[in-house]
Amino acid sequence: MDGPVLGRRGTAWNPETRLYADGVVTGADGAPLVVPPHGALRRLPDTPFLDPASGTLPGAARPGPAEVARAAAETAAATLPGAGTRYAAMARTAFVDIRALLYPNGALVAAASPYWHYVWPRDAGFCAVALCLGGRHGDALRALRYVCGLQEPDGTWQARYLPDGSGRVPDRRGTQLDGIGWTLWALWVWAATAPARTVAAELADMLATVRAAADAMSAAVDPGTGLPRPSQDYWERDVDEATLGTAAPLLLGARAAADLLGRAGDGVAAARCARVRDLLSDGIRRHFAPLDFPRRVGGGGRDASVAFLLPPFSPMEPGPHAAWRRTLAALRLANGGVRPGEEWADTRTAWTPQVSLFAMTAAATGERHLAEGLLTWLEERRTRLGALPEKVTEDGRPAAVAPLALTGASVLIALASLEGRPPPTPPG
């Protein structure tokens, strides 16, 4: 293609920019299908279907008028945040993208591009919460049931799984303990927000998952230190000491599991979770708080995971909140975004999961101006099809995979929080 390609807002795209997709559409088999970048393809409004008037894409679904109308009606019926604001289109697109990434079998993949076309319990948990806030509890339950079905015999989850229902993993990344916390949190939010008759009928079937996860948490936390054993967290890098990115989600999961099991009448299991909760709370207070909540128990600089100790995940506390403000300032990049942590080597590329995470916490703690600034930054850096990318380059261009389900979910949660309806916070 000769010359620059005009993107959103009339900016010129560099053909060498590493953007892997403009967006996602539904394939003929119901699986998500990548829309190549810098082209003319588009979707039918408010649906995950390719607009045939814009061109053809091998493997794309060819729905009839009734199916198109049903998909658009489901989007219209969702309780989407941002209506009447500049963020309305971003919210609708993020919602449609998440549903496009949800397989008919319940597998919710992180993205449609090959290296992300897997189910991460972490990402699926955030998406399930966003779907609950949008009133799509059935979709959230399907995604959670798929993840529950992947649980390992020891109660943990691997880093990621294939979406084919086989339970197989694509590589040897191994167990990531934070997946326990994120899955239990999402299950708790679903149970707290779904219609009562649905919860009563469905939750009983998932209590075995909750109990196994509770046992795994108990085994992972050292009763002497109150810290979990070393494990990859959202950085997905091997570590030899505990990180806040694992300890904080496990604390969240322990609070969620204690409440779920208590309400189910299993007092013994609930008490065990409460014990893990108290151990982790004390461990974080003793080992991370004196260092201003860094990434690793031994230091390691500031890290976005401090947000996991604040709303909407945990009750507001002044110490973590002050550290969170200092962390945001420390992780800011020249392009206006943030990097995951001070130890992250790339100081030029912004990561949208962390930008949206900071926006979520700002919205949930009532810092509207800050939240809107971060959300506006994201809104202005979407792809041609409005998808939220994983990264933003030094010169402000969307890069890597788009859409990234985790970022879309975090944006939806942040926008709902701005409207005064954040996800509920587990007690304790």
Side-chain angles (χ1 to χ4, degrees), residues 4-5 7-9 11-24 32 34-39 90 93-94 97-98 100-101 109-118 120 122-123 126-127 159-160 173 232-237 245 295 301-305 307 327-328 330-360 373-414:
V5 180
R8 294 181 73 250
R9 308 189 188 283
T11 56
W13 295 100
N14 180 345
E16 297 181 356
T17 296
R18 290 180 60 81
L19 179 65
Y20 307 148
D22 267 337
V24 62
V34 166
V35 177
H38 315 315
M90 178 168 65
T93 302
D97 284 343
I98 289 172
L101 295 171
V109 295
S113 299
Y115 294 113
W116 291 263
H117 205 120
Y118 306 115
W120 272 264
R122 178 189 311 111
D123 299 47
F126 273 75
C127 289
R160 56 186 189 167
R173 297 190 183 195
Q232 289 189 5
D233 57 17
Y234 78 97
W235 280 37
E236 302 211 293
R237 294 182 179 179
R295 166 168 167 70
R302 300 188 180 280
D303 188 82
S305 57
T327 297
L328 175 57
L331 301 187
R332 283 279 197 178
L333 300 178
N335 67 4
V338 300
R339 54 180 170 150
E342 287 188 308
E343 287 190 315
W344 197 264
D346 184 354
T347 60
R348 297 181 177 182
T349 306
W351 287 70
T352 64
Q354 282 65 57
V355 176
S356 56
L357 174 64
F358 277 106
M360 189 193 313
L374 293 166
L375 289 166
T376 297
W377 186 92
L378 288 164
E379 192 273 334
E380 292 177 344
R381 287 158 179 83
R382 295 183 293 149
T383 70
R384 179 183 61 85
L385 293 183
L388 287 156
E390 179 187 43
K391 303 177 188 179
V392 174
T393 62
E394 183 179 18
D395 54 358
R397 298 187 177 105
V401 63
L404 187 70
L406 177 58
T407 299
S410 299
V411 162
L412 288 169
I413 296 170

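Being a predicted model, the structure only gives us computed values, none of them experimental. Worth knowing before you read on, the calculation uses all heavy atoms, side chains too, and leaves out hydrogens, waters and symmetry mates.
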#### Entry: Pairing residues for R122 by the side-chain hydrogen bond (donor to acceptor under 3.5 Å, both in side chains) criterion, not counting sequence neighbours
Q176, D178

### Task
Evaluate the side-chain proximity of L412 to I98: yes if any heavy-atom separation is below 4.5 Å, no if none is.
yes

With a 3.5 Å cut-off and sequence neighbours excluded, list the donor-acceptor pairs that the side chains of residues 337-344 form with protein atoms.
residue : atom : partner : partner atom : Å
R339    : NH1  : E342    : O            : 3.2
R339    : NH1  : W344    : O            : 2.9
E342    : OE1  : R302    : N            : 2.8
E343    : OE1  : R296    : NE           : 3.2
E343    : OE2  : R296    : NE           : 3.2
E343    : OE2  : R296    : NH2          : 2.6

### Query
Distance-only, no hydrogens or angles: does the T352 side chain make a donor-acceptor pair with backbone N or O of E390 under 3.5 Å?
yes

### Query
Got Q354 and L331 here, is their nearest side-chain heavy-atom distance under 4.5 Å?
no

### Task
Write down the atom of P353, the atom of T407, and the distance for their closest heavy-atom approach.
N-OG1, 3.3 Å

### Message
If you count every heavy atom of other residues, nucleotides or ligands that lies below 6.0 Å from R348 atom CZ, does the total exceed 12?
### Response
no

### Task
List in chain and number order the residues that pass side-chain hydrogen bond (donor to acceptor under 3.5 Å, both in side chains) with T347, two or more places apart in sequence or in another chain; answer none if no residue qualifies.
none

### Message
Just to verify, what does W120 make a side-chain hydrogen bond (donor to acceptor under 3.5 Å, both in side chains) with, not counting sequence neighbours?
### Response
E236

#### Entry: Contacts of type side-chain hydrogen bond (donor to acceptor under 3.5 Å, both in side chains), residue D233, not counting sequence neighbours
T243, R295

### Message
With a 4.5 Å cut-off on side-chain heavy atoms, are L385 and T93 touching?
### Response
no

### Query
What pairs with A405 under side chain to side chain contact (heavy atoms under 4.5 Å, CB included), at least two apart in sequence or on another chain?
L101, L108, C127

## Note on the structure
The ring-ring contact (aromatic ring centres under 6.0 Å, His included) partners of F358 (sequence neighbours excluded) come to W324

### Query
By side chain to side chain contact (heavy atoms under 4.5 Å, CB included), which residues pair with S113, not counting sequence neighbours?
Y20, A21, V34, W116, V401

### Residues in salt bridge (Lys or Arg N to Asp or Glu O under 4.0 Å) contact with D303, at least two apart in sequence or another chain
none

### Message
When you measure from the side chain of D97 to the backbone of G23, do you find a donor-acceptor pair of N or O atoms at a distance under 3.5 Å?
### Response
no

### Query
Can you check whether H117 reaches P32 side chain to side chain, under 4.5 Å on heavy atoms?
yes

### Query
How would you list, by chain and number, every residue that makes a side chain to side chain contact (heavy atoms under 4.5 Å, CB included) with P37, sequence neighbours excluded?
L19, D22

